[in-house]
Amino acid sequence: MSERSPHIGLAHTYWKCHLKPGDLAIDATCGNGHDTYQLAKLLLVHPESLLIGFDIQSAALEKTEKLLKQSVPEEHLARVLFQRRCHSEIDQIPLPYSPALIVYNLGYLPGADKKLTTQTTSTLASIHKASLLIGQTGALSITCYPGHAEGRLEEEALLLWAQELPSSQWNVCHHRWLNRANAPSLFWIQKIS
Ligand SMILES: C[S@@+](CC[C@H](N)C(=O)[O-])C[C@H]1O[C@@H](n2cnc3c(N)ncnc32)[C@H](O)[C@@H]1O
């Protein structure tokens, strides 16, 4: 697990344990494509698997597509669909079957305009819709960055939302790194069958 970014390492470990051959996963914040690439490696070897990636920025999707083209066999790329739109429209795309995993790595694109960060209202709208879309035993993986103002608001709002999910239907876990001020945190939220 990455020592510098343990939240990312832990998220990737969860994904590896959770995903099964033929699953559909959605990356709701493609950014530089590192998470999408992890999902592609885990999933696309199976001919029925699908991967959908969202970002509001063309530059992010271009970087993600470039990374996948460099590192994933060409025949696998046919099962990747990119959506340049807000992830609050996650319920607007036709899906052949329910996603097993929907991933959010919130915040802004590293090295780009920090104003183009995820926003509490649209993030919550998207995550609520995602919770309705995922299949039985499906999961949401959400990385938060409380070290910047909007990121703190997002984390606070998500904590309130997640704590209200009924325990008969959801396992809700929030990982926080206690000895680092304002460290990123990770939610793992899984539907109970
Ligand atoms: C921290 S980055 C994601 C990092 C990425 N997963 C990776 O592995 O490189 C956050 C991304 O969310 C995108 N974003 C911001 N608001 C969004 C929205 N409403 N819908 C979809 N993507 C959004 C930003 O453009 C940025 O690329």
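We count ligands from 1, going down the list as the structure has it; atoms in each ligand are counted the same way. Remember, predicted model here, so these are calculated numbers, not experimental data.
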Checklist entry - Should you measure from each heavy atom of Ala28, which atoms of ligand 1 turn up under 4.0 Å away? => result 21 (C), 22 (N)

Next on the checklist: What I'd like to find out is whether the side chain of Tyr104 reaches to under 4.5 Å of the side chain of Ser126, using heavy atoms alone.
Outcome noted: yes

Next on the checklist: With a cutoff of 4.0 Å, is Thr143 in contact with ligand 1, counting heavy atoms of the residue only?
Outcome noted: no

Checklist entry - Do the side chains of Cys144 and Leu158 get nearer than 4.5 Å, heavy atoms only? => result yes

Next on the checklist: Counting non-hydrogen protein atoms only, what is the nearest one to atom 25 (O) of ligand 1? Give residue, atom name and distance.
Outcome noted: Asp55 OD1, 2.6 Å

Checklist entry - Quick one: CG on Asn105 to OG1 on Thr36, what's the gap to the nearest 0.5 Å? => result 9.5 Å

Item to check | Any donor-acceptor N or O pair under 3.5 Å, side chains Glu154, Thr123 | outcome: yes

Item to check | Straight-line distance of Ile127 CD1 to Ile142 CD1, nearest 0.5 Å | outcome: 3.5 Å

Item to check | Distance from atom 20 (N) of ligand 1 to nearest protein heavy atom, with residue and atom | outcome: His87 N, 3.0 Å

Checklist entry - Which atoms from ligand 1 have a heavy atom of Gly107 less than 4.0 Å away? => result 10 (C), 12 (O)

Item to check | Residue, atom name and distance, where the atom is the protein heavy atom closest to atom 9 (O) of ligand 1 | outcome: Asn32 N, 2.9 Å

Checklist entry - Which protein non-hydrogen atom lies closest to atom 8 (O) of ligand 1, naming both residue and atom, and how far is it? => result Asp35 N, 2.9 Å

Next on the checklist: Using side-chain heavy atoms (C-beta onward) and a distance below 4.5 Å, is Leu10 in contact with Trp177?
Outcome noted: yes

Checklist entry - Step by step, would you call Asn182 with Tyr145 a side-chain hydrogen bond (donor to acceptor under 3.5 Å, both in side chains)? => result CA-CA 8 Å; Asn182 296 321; Tyr145 295 84; over 6 Å; no

Item to check | Exam field: side chain Ser88 to backbone Ser122, donor-acceptor pair closer than 3.5 Å | outcome: no

Checklist entry - Starting from atom 15 (C) of ligand 1, which protein heavy atom do you reach first, and at what distance in Å? => result Thr118 CG2, 3.4 Å

Checklist outcome for this item: Cys30 heavy atoms within 4.0 Å reach ligand 1 at atoms 5 (C), 6 (N), 7 (C), 9 (O)

Checklist entry - If you count the atoms of ligand 1 from 1 in the order shown, which ones are under 4.0 Å from a heavy atom of Gly31? => result 3 (C), 4 (C), 5 (C), 9 (O), 27 (O)

Checklist entry - What part of Val103 sits under 4.0 Å from ligand 1 if we count only heavy atoms: the side chain, the backbone, both or neither? => result neither

Item to check | Heavy-atom check, side chain of Ile102 versus side chain of Ile90, under 4.5 Å | outcome: yes

Checklist entry - Hey, does Leu140 have a side-chain heavy atom less than 4.5 Å from the side chain of Phe187? => result no

Checklist entry - So, is His34 polar-close to ligand 1, with some N/O to N/O distance under 3.5 Å? => result yes

Checklist entry - Using the ring of each side chain (for Trp, its six-membered ring), is Trp188 parallel, tilted or perpendicular to His18, with breaks at 30° and 60°? => result perpendicular

Next on the checklist: To check you understand the geometry: which heavy-atom pair defines the closest contact between Thr118 and Thr29, and what is its length?
Outcome noted: CG2-CG2, 4.1 Å

Checklist entry - To which of Tyr104, Tyr108, Tyr37 does the heavy atom nearest atom 1 (C) of ligand 1 belong? => result Tyr108

Next on the checklist: Using a 4.0 Å cutoff against the non-hydrogen atoms of Gly33, which atoms of ligand 1 qualify?
Outcome noted: 7 (C), 9 (O)

Item to check | atom 23 (C) of ligand 1: the protein heavy-atom neighbour that sits closest, reported with distance to 0.1 Å | outcome: Ile56 CG1, 3.5 Å

Checklist entry - Is there any N or O on Ser122 that sits under 3.5 Å from an N or O of ligand 1? => result no

Checklist entry - Where on Thr36 is there a heavy atom closer than 4.0 Å to ligand 1, on the side chain, on the backbone, on both, or on neither? => result neither

Next on the checklist: For atom 19 (N) of ligand 1, what is the closest protein heavy atom, and at what distance to 0.1 Å?
Outcome noted: Cys86 SG, 3.2 Å

Checklist entry - With a 4.0 Å heavy-atom cut-off (strictly under), which part of Ser88 contacts ligand 1: side chain, backbone, both or neither? => result neither

Checklist entry - Does any N/O atom on Gln57 come nearer than 3.5 Å to any N/O atom on ligand 1? => result yes

